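Quick notes on the structure that follows.
Letters go in sequence order (proteins before strands), and every chain restarts at 1. Keep in mind the model is a prediction, meaning the values are calculated, not measured.
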Amino acid sequence: MIDLRLLREDPDRVRASQRARGEDVGLVDALLSADERRRSSSSRFDQLRAEQRALGKRVPKASGEEKAELLRQAAELSAAVKSADAEQDQAAEEAQSLLLRLGNVVHPDVPVGGEEDFTVLETVGTPRDFAAEGFEPKDHLELGQGLGAIDVERGAKVSGSRFYYLTGVGALLELALVNAAIAQATAAGLTPMLTPALVKPRAMEGTGFLGQAAENVYHLEKDDFYLVGTSEVPLAAYHMDEIIDAGQLPLRYAGFSPCFRREAGTYGKDTRGIFRVHQFDKVEMFSYVAPEEAEAEHTRLLEWEKQWLSGLGLAYQVIDVATGDLGASASRKFDCEAWIPTQGKYRELTSASNCNEFQARRLSVRMRENKDGKQVTRPLATLNGTLCAVPRTIVALLETHQRPDGSVTVPEVLRPYLGGRDVLEPVAK
RNA sequence: GGAGGCUUCGCCUAGUCUGGUCUAUGGCGCCGCACUGCUAAUGCGGUUUGGGUUAACCGCCCAUCCCGGGUUCAAAUCCCGGAGCCUCCGCCA
């Protein structure tokens, strides 16, 4: 959630942000007046309650006629307090529900527009020229099947469309990727974490996934659990309701977990292979920092992503995602898109978001620091970035490093995690 | 699944039986000041969190003793429901 003080003092900035996101600008004014009602009803309650307490203190000291009179007045006040309390609760609830619908205020440098209106910040590496090498690249599924690495037919038989098995060398490849990613993150000082994949509503809500993104989240009705779409959720909620000493910051984690996505509204998109699936594993980086450090941290996360992709020998571009394509929690988002040879375009492999204080306010994660000789508490900033989303990385790897005979060269960084193997060979059918 | 115990302002803790100066005790930690050649030690003071009021500060008011209801003029304290943690039993990877 955003800072209500900012909303009161500079509502135009919030309106502009909503407009840029292509979201309801009227929400800002609805929230302003709901906040007004919340404050006035709360004042009314506070005042009545103060009277009630003052009167209550006199009761035990009085006696006889006087006491009877006090009790009569107190009973009246008691009723008034009760109704003021109910009014206050209702007003607070209304303001809160409006506040939760409001997305983060976007960073001023973010390009305005929809999915196609991103800015390319940088291009790294050169897409491999298969025509010059004289052969037609196979797509990841054909390659994966040849290697005995991917089985989508049985995935569909057992679980339906967008499910798959990683088999044999495919399974080993995932484990190698995950180990290499965790090793890189650990070397950079991040704390490796294995996180829950089922979370309570508060964690999901606080991370910002129950607004517009709600239709993409699996929910277990009977137990009221949500399946996480990323370990960002359990990592953000890890410090929920805590106050962290400024000296402990930054806190950096590398979470590994399965990720579940309903992929609603993507009917017919990326139906072949394992590019877009309902369940996959991912290594995710997550940082808690002081708000003034957030932008520098955002760049840092991006650098670690670039280091990872470059190490895998992939060609990619970095984009500044446009306002209309930002998640509710993000003020700015950088995606790394890797070149997929058979698609002839760059596709998203990683994504780093700066949520500044937005998630921390919702989850009540604060920092305590010494300012001018006084201890102050304020929300901190959270950021997240993909290190390795396994299936998409496999797609890019197989296609990029394939050879004419259907074998695939293993990038050097992965070899130690594949028993020294430097090439994956097709298996006999 | 069954039985019992626990949950208080960063951490530990007093208070709950017997409702009202609980405006929540003490210790640790932390912050400030003093003393000191420096450090340590010591002394004094401060230190829950959130909301409101304020241009801001000071101050003041309200809420907050795991959460939600209830009883009462009045709830940390009594009653009901729930959550989490711990111990034991059962089942189980």
Does [X] place a side-chain N or O at less than 4.0 Å from the phosphate oxygens OP1/OP2 of [N]?
| X | N | value |
| --- | --- | --- |
| A:S78 | B:A74 | yes |
| A:K82 | B:U71 | yes |
| A:T377 | B:U49 | yes |
| A:R44 | B:G52 | no |
| A:R53 | B:A63 | yes |
| A:R39 | B:G50 | no |
| A:R368 | B:U47 | no |
| A:Q73 | B:C73 | no |

Integer angstrom distance from the [atom1] of [N] to that of [M]:
| N | M | atom1 | result |
| --- | --- | --- | --- |
| B:C91 | B:G84 | P | 24 Å |
| B:G69 | B:A83 | C1' | 15 Å |
| B:C62 | B:A24 | P | 13 Å |
| B:G90 | B:G19 | C1' | 42 Å |
| B:G50 | B:G45 | P | 26 Å |
| B:C61 | B:C67 | C1' | 26 Å |
| B:G27 | B:U47 | C1' | 14 Å |
| B:C57 | B:C17 | P | 41 Å |

With both distances under 3.5 angstrom, what nucleotide forms a Watson-Crick or G-U wobble pair with [N]?
| N | result |
| --- | --- |
| B:U87 | B:A3 |
| B:C73 | B:G20 |
| B:C30 | B:G46 |
| B:A56 | none |
| B:G81 | B:C67 |
| B:A93 | none |

Do [X] and [Y] meet the criterion of a side-chain donor-acceptor pair at a distance under 3.5 Å?
| X | Y | value |
| --- | --- | --- |
| A:Q307 | A:E303 | no |
| A:T386 | A:K282 | no |
| A:Q52 | A:R49 | yes |
| A:T342 | A:E399 | yes |
| A:E94 | A:Q90 | yes |
| A:S351 | A:D335 | yes |

Check the distance between [N]'s [atom2] and [X]'s [atom1] and give it to me in whole angstrom.
| X | N | atom1 | atom2 | value |
| --- | --- | --- | --- | --- |
| A:D85 | B:G68 | CG | P | 11 Å |
| A:E242 | B:G10 | CD | P | 12 Å |
| A:L48 | B:A74 | CG | C1' | 16 Å |
| A:D241 | B:C67 | CG | P | 11 Å |
| A:F45 | B:G51 | CZ | P | 17 Å |
| A:I244 | B:U49 | CD1 | C1' | 16 Å |
| A:Q52 | B:G20 | CD | P | 16 Å |
| A:R49 | B:G52 | CZ | C1' | 16 Å |

Next item on the list: Start with the C-alpha gap between A:S331 and A:V106, add the side-chain angles, then the distance that decides, and say whether side chain to side chain contact (heavy atoms under 4.5 Å, CB included) holds.
Entry: CA-CA 4 Å; A:S331 69; A:V106 301; 5.7 Å; no
At under 4.0 Å between heavy atoms, what does [X] touch on the DNA or RNA strands: base, sugar-phosphate, or nothing?
| X | result |
| --- | --- |
| A:S364 | nothing |
| A:E76 | nothing |
| A:R5 | nothing |

Checklist line | Donor/acceptor link under 3.5 angstrom from A:D46 side chain onto base of B:G51 | finding: yes
Checklist line | RNA chain B: 5'-proximal contact among A:A50 and A:I243 (nearest heavy atom) | finding: A:I243
Check: Want to settle it: does A:R366 or A:E51 sit nearer the 5' end of RNA chain B, counting the closest nucleotide to each?
Finding: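 First, find each residue's nearest nucleotide; the 5'-ward one identifies A:R366.
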Note to self: Would A:R392 pass as a cation-pi partner of A:F275, given that its NZ or CZ must be under 6.0 Å from the six-membered ring centre and within 45 degrees of the axis?
What the structure shows: yes
